[in-house]
Each structure stands twice: as structure tokens, then as C-alpha cells.
*Asks:* 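For reference, the structure I am asking about is given below.
Note that these values count all heavy atoms, side chains included, but never hydrogens, waters or copies made by symmetry. Order of the sequence lines sets the chain letters (A, B, ...), proteins ahead of strands, with each chain counted from 1.
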Number of protein chains: 2
Amino acid sequence: MADSASLQELIIEKAGELFREQGYTATTIKQIAKAAGCTTAALYYYFEDGKQHILREVIHDTAREAEFSRTLPQADSLEEFLVELGANLARRPPKVVDRFNWIMLQFATLPDEEKQIVQNQVISIQHALRERISQYVAGKEMADRLAWLVYCSFVGYQQMFTKLEVAGVVDLSMDEYGGFLAQVVRQGL
Amino acid sequence: MADSASLQELIIEKAGELFREQGYTATTIKQIAKAAGCTTAALYYYFEDGKQHILREVIHDTAREAEFSRTLPQADSLEEFLVELGANLARRPPKVVDRFNWIMLQFATLPDEEKQIVQNQVISIQHALRERISQYVAGKEMADRLAWLVYCSFVGYQQMFTKLEVAGVVDLSMDEYGGFLAQVVRQGL
DNA sequence: GTCTATAAGGGGATAGAC
DNA sequence: GTCTATCCCCTTATAGAC
């Protein structure tokens, strides 16, 4: 981002953007080079194994970045926590959502090592969610399942409403969705 | 599938499989031709606009097929309905799940007409879900929101556990997940 | 209707200059 | 470290034979 960033970092950053926007296969190394302001030969100086190598680095970089920015809201009750969580998620930049989507959809074609990185990230998010939720509910098992339910619910919302652009046709904001989830969790119907 | 199927239908079917497995961009028309037992020239006889044209037809075909096979379980209570729904979804062939994922990946790059087909499908599923749910709960608004919550929850589960293969690491079957969702919806925590 | 043959272009990758 | 120049292969697509 800064002009002083090394070309290597710049390549990873620009490649990440292109992968996110177009997918891995649809992105050419010529596009990546152009976006990074260099030639394809320069790519091979930093990434000997070519395009696949850049992909791996993008995944690693994404994981590192996500690790850093993960913070769950504070709240006095489970209901409030879920409402806040929904509100937080709704405020995330589209970039983050797109990146998650891209990796998810790329997943099947990733090498094993990178698959594990992605899975570990998902699981560590669920763990964080579970620990927080366990402050509000009785029973480890209950907290664990609820954490998955909450996590999956929001992921699903995002896929449907953001990725599939259903939000343009149906009127249900993520805030409302989170609020409804909180209500259901609290008292059922 | 039958040997008597026209080559045109066979191409759409085989292309659909390849797109699911590899993605659209990664699939070549040569692969499609080979899978369908013909040459690339034959493809252009049926699909003048080439690969894009085949993509469109696959989407249309997928929508038609989904329309046909969509049945929701019968149940005496909301809780039972949700449990059954989870069990049904768990039994779906991976093929169906993969297709949904693939279309999601492709969505951003689809022409408007095909985008609408996909959205309409999603919305019509939610409508079916909503109508069924409204048998059990009071209030149109409530049924609508709950239908989205249920739909998104299952989509999210599928993404995480099936697509990201978290099911191999974490022990939470879709049956259990559906059961837990039913329990939460019924009485809260 | 389906094939053979091939054109035209773009893709990933590399050798060697600077 | 980065570029110029280029290679080879594979891709999409088409013309014309059968």
C-alpha cells in the first residue's frame, strides 16, 4: 500500500485483489504483473513456482491479516452480544467478505497445507465465539453448538444476501437478521 | 444420461459436471467435447456463442432441475419439520451441493439474465419454506424471517462443514445441527 | 450433424541483458 | 532486482469436407 512496500508484498496484495474479484483461474500472471507495476519476469524472481506460489502466499497473508483484526463485541447478555455481533459484521468492508468467499470457493483446489490454514482459521473463529458465548449459557456443549449455529447463520446470510445480491431484492438487513437471531435464541418463538 | 439423449443435452450435462468440479474458467471446451464424446466443432454447431453459451444453458438447466426436485418434508410441528428438513438436506447428493457452490462462485460474472434466474430460485425456495413455516407460527413477518434464518443457517452449515471439509475435523452432523436449530427455535436456550 | 484441420490469440514460463 | 524478448503450449473458434 505504501510506496515503500517491497515489490514482493505489493505483488501479494494486488494478486489478492484480483483473485478476489475474478477468481484464481481467471486471473492471469500478466494482470498481476501489470497491477503491481512490473513484468511477469519479476514475479518469477520472487515466486519461483509461479502462479500457484503466489496463490499460496496470498492465502498465508490473508490468514495472518484476519488473525489480527478479529475482535468480538462486549455485551452484558447473550442477546445483546448477538445483536452487536450482527451490527459489527454488517459494518465490515466488502473486501473482507469477498476474500472469505473467494477462499471458500477456491478451497477444493487448494493444496493440503493451505486447506489446513483455512480450516484452522474457521475453527479458531468458532472457538473465540464459543468462549464468549460460554459466558452467557450453561454447558460447554450448548455453547459449542450455539457458536456453530451463530457462525453458520451469519455466513449463510452473507452468501445469500451479499454474494448473491439478494439484498437488492429482499428487504432484510444484517442488523435485523442479527436481531431476529438474538430474539429466537433468547426465547424461541 | 440415456444413450438416446441428444448430443445437445449430453453436452449440457457433461459441461455441468465439469463446471461443478473444476469451475467455469478452468474447464476447457476440449474437455467438454471429450466428455460428451464429440469434437469442439460439434459444440459450436449447437452453441453458436461458444463456452459462454454453454454456461448459460447449464444455468438454465440447473434451475429447471432444481424446480422439479424441490420437496419439503411433512411434519406435525415446527420442531419436527426442522429436524426432518435437516435430515433431508443431509441426504442430498454432494452433486447438488457442489452445483450451488459453483453457481455462487460464478455469480458475480454471470450476465444479468442468469443472475436473475439464480436469485429467483433462491427466493422461491425461501417462499416455499416460508409458506410451510407459516403453518406453525403466528404472523407473516415471523414466518418470513424464520424462513430466512433457517435457510441461511443450513446454507452456512453446508459451506463450512461440507465445502470447507470441517466435518472431517469437528464432530457435528447436519442431523444434530438441524436438531439443535429446532430446539433453539422452539424454546430458546 | 459431425468431423478434420488449422488459424489466431493468449497463457505460463524462462534466458539473458542491464 | 528488474526488464526485454521470446518460447511453447493450449485455448477458443472457424472453414470446409463428408
*Asks:* At a cut-off of 3.5 Å, list every protein nitrogen or oxygen paired with a nitrogen or oxygen from nucleotides 11-14 of chain C, distance to 0.1 Å.
*Replies:*
{"from": "C/dG11", "atom 1": "N7", "to": "A/Lys30", "atom 2": "NZ", "distance (Å)": "3.4"}
{"from": "C/dG12", "atom 1": "OP1", "to": "A/Lys51", "atom 2": "NZ", "distance (Å)": "3.1"}
{"from": "C/dG12", "atom 1": "OP2", "to": "A/Ile29", "atom 2": "N", "distance (Å)": "2.8"}
{"from": "C/dA13", "atom 1": "OP2", "to": "A/Tyr44", "atom 2": "OH", "distance (Å)": "2.4"}
{"from": "C/dA13", "atom 1": "OP2", "to": "A/Lys51", "atom 2": "N", "distance (Å)": "3.3"}
{"from": "C/dA13", "atom 1": "O5'", "to": "A/Tyr44", "atom 2": "OH", "distance (Å)": "2.9"}

*Asks:* Determine whether A/Tyr24 and A/Leu18 make a side-chain contact, defined as any pair of heavy atoms from C-beta on separated by less than 4.5 Å.
*Replies:*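 Not touching, per the 4.5 Å side-chain cut-off.
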
*Asks:* In a table with atom names and distances, give each donor-acceptor pair under 3.5 Å that connects a side chain of residues 109-116 of chain B to protein atoms at least two apart or in another chain.
*Replies:*
{"from": "B/Thr109", "atom 1": "OG1", "to": "B/Gln106", "atom 2": "O", "distance (Å)": "2.8"}
{"from": "B/Thr109", "atom 1": "OG1", "to": "B/Gln106", "atom 2": "NE2", "distance (Å)": "2.9"}
{"from": "B/Glu114", "atom 1": "OE2", "to": "B/His60", "atom 2": "NE2", "distance (Å)": "2.9"}

*Asks:* Please give, in whole Å, the distance from C/dT2 P to B/Gln8 CD?
*Replies:*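 Value for this atom pair: 10 Å.
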
*Asks:* What is the distance from CD1 of B/Ile32 to P of D/dA13, rounded to the nearest Å?
*Replies:*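 Nearest whole value for this atom pair: 10 Å.
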
*Asks:* Does OP1 or OP2 of D/dT2 have a side-chain N or O of A/Thr39 closer than 4.0 Å?
*Replies:*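 False: A/Thr39 side-chain N/O out of range (4.0 Å or more) of D/dT2 OP1/OP2.
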
*Asks:* Rounded to whole angstrom units, what separation is found between the CZ atom of B/Phe47 and the P atom of C/dT2?
*Replies:*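 In whole Å, C/dT2 P lies 11 Å from B/Phe47 CZ.
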
*Asks:* Decide yes or no for B/Thr25 and B/Phe19: does some side-chain heavy atom of the first lie under 4.5 Å from some side-chain heavy atom of the second?
*Replies:*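 A side-chain contact under 4.5 Å is absent here.
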
*Asks:* What I'd like to find out is whether the side chain of A/Gln74 reaches to under 4.5 Å of the side chain of A/Arg132, using heavy atoms alone.
*Replies:*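 Heavy-atom side-chain distance check passes, below 4.5 Å.
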
*Asks:* Would you check if the side chain of A/Gln187 reaches a backbone N or O of B/Gln187 as a donor-acceptor pair within less than 3.5 Å?
*Replies:*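 Side chain of A/Gln187 to backbone of B/Gln187: no pair is present.
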
*Asks:* A/Ile11 has an atom CD1; how far is it from atom C1' of D/dC3, in whole Å?
*Replies:*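 It works out to 13 Å between those atoms.
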
*Asks:* How would you label the contact of A/Leu43 with the nucleic acid (heavy atoms, under 4.0 Å): base, sugar-phosphate, or nothing?
*Replies:*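 Here A/Leu43 touches no strand at all.
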
*Asks:* Figure out the CD1/P separation between B/Ile54 and D/dT11, and round it to whole Å.
*Replies:*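 So the CD1-P distance, B/Ile54 to D/dT11, works out to 14 Å.
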
*Asks:* Any side-chain heavy atom of B/Gln126 sitting closer than 4.5 Å to one from B/Asp144?
*Replies:*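 Yes, their side chains come closer than 4.5 Å.
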
*Asks:* Just the rounded figure in Å: distance from C1' of D/dG16 to OH of B/Tyr45.
*Replies:*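 Spelled out: OH on B/Tyr45 to C1' on D/dG16 is 16 Å.
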
